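Because the structure is predicted, anything quoted here is derived from the model rather than measured.
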Amino acid sequence: MGAIHEIQSAPGDSKLLWAFNNRLSGIKVKCSGSVSRKLSDDNDGSRHQRFIVTLDSGQTLLIAHNIDLAPKVSHLRLDDRIKLCGEYVWNAQGGIIHYTHHDPAGIKTGGWIKYRGKTYR
């Protein structure tokens with residue numbers, strides 16, 4: 001996968017759109033958007049809470065939040081605003097953000113989710 005690059009989404013989320021259009025992965029990102037869909041948890045292997053966030057630009061992202069390493073985001077509601085920090089991975093549907101948790105090995109800078117006044121990491 002190569003080096004991890006760090007970018008922060010600009011107004012209009014242009015940098016995430018740039019990463020999507022250039023099929024880039026392994027990029028540390030910070031962004032915010034609205035919860036547009038709640039999905040069932042992925043319980044195969046490491047368990048992940050999954051949901052879709054729609055950015056102000058209209059780009060959609062699958063959020064895969066590891067609930068074996070961080071608390072599950074509680075009382076998640078559709079259309080609520082959420083802030084995220086994690087690693088972007090390209091896919092044809094808009095992309096995935098994962099690594100929204102601390103790094104138990106202390107090797108990488110961990111991510112987080114901020115929702116309704118609480119930080120999940």
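Using a 4.5 Å cut-off between side-chain heavy atoms of Ile, Leu, Val, Met, Phe, Trp and Tyr, with links allowed through other members, L84 and W90 fall into the same hydrophobic cluster. Taken together through direct or relayed side-chain contacts under 4.5 Å among Ile, Leu, Val, Met, Phe, Trp and Tyr, Y120 and I67 form parts of separate hydrophobic clusters.
Residues satisfying the side-chain contact (heavy atoms from CB on, under 4.5 Å) test with N21, not counting sequence neighbours, are L17. Take A105 and apply the side-chain contact (heavy atoms from CB on, under 4.5 Å) test, not counting sequence neighbours, and it matches D103, I107. Annotation: side-chain contact (heavy atoms from CB on, under 4.5 Å) contacts of D79 (sequence neighbours excluded): none. Listed by chain and residue number, T54 satisfy the side-chain hydrogen bond (donor to acceptor under 3.5 Å, both in side chains) test with S36 (two or more places apart in sequence, or in another chain). Residues satisfying the side-chain contact (heavy atoms from CB on, under 4.5 Å) test with L78, not counting sequence neighbours, are V35, K38. Residues that satisfy the ring pair (Phe, Tyr, Trp, His ring centres under 6.0 Å) test with Y99, not counting sequence neighbours, are H101.
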Starting from the C-alpha separation in whole Å, work towards a yes-or-no answer on side chain to side chain contact (heavy atoms under 4.5 Å, CB included) for I82 and I63.
-> CA-CA 11 Å; I82 195 163; I63 311 306; over 6 Å; no
Between side-chain atoms of residues 111-118 and protein atoms elsewhere (two or more places apart, or another chain), which donor-acceptor pairs fall under 3.5 Å?
unit_1: Y115; atom_1: OH; unit_2: H75; atom_2: O; d: 3.1
unit_1: Y115; atom_1: OH; unit_2: R77; atom_2: N; d: 3.0
unit_1: Y115; atom_1: OH; unit_2: D80; atom_2: OD2; d: 2.6

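A distance-only check finds no donor-acceptor pair linking the side chain of N22 to the backbone of L24 [under 3.5 Å]. Between the side chain of K28 and the backbone N or O of C85 there is no donor-acceptor pair closer than 3.5 Å. In terms of modelled atom types and a separation under 3.5 Å, the side chain of R50 and the main chain of S40 share a donor-acceptor contact. Not one N or O on the side chain of H102 forms a donor-acceptor pair closer than 3.5 Å with the backbone of G110.
Each ring-ring contact (aromatic ring centres under 6.0 Å, His included) pair with one or both residues in residues 39-74, not counting sequence neighbours, would appear here, but there are none. For the salt bridge (Lys or Arg N to Asp or Glu O under 4.0 Å) condition, the pairs that include at least one residue of residues 66-75, sequence neighbours left out, are D41-K72, R47-D68.
You'll find the side chain of R37 stays beyond 4.5 Å of the side chain of T60, heavy atoms only.
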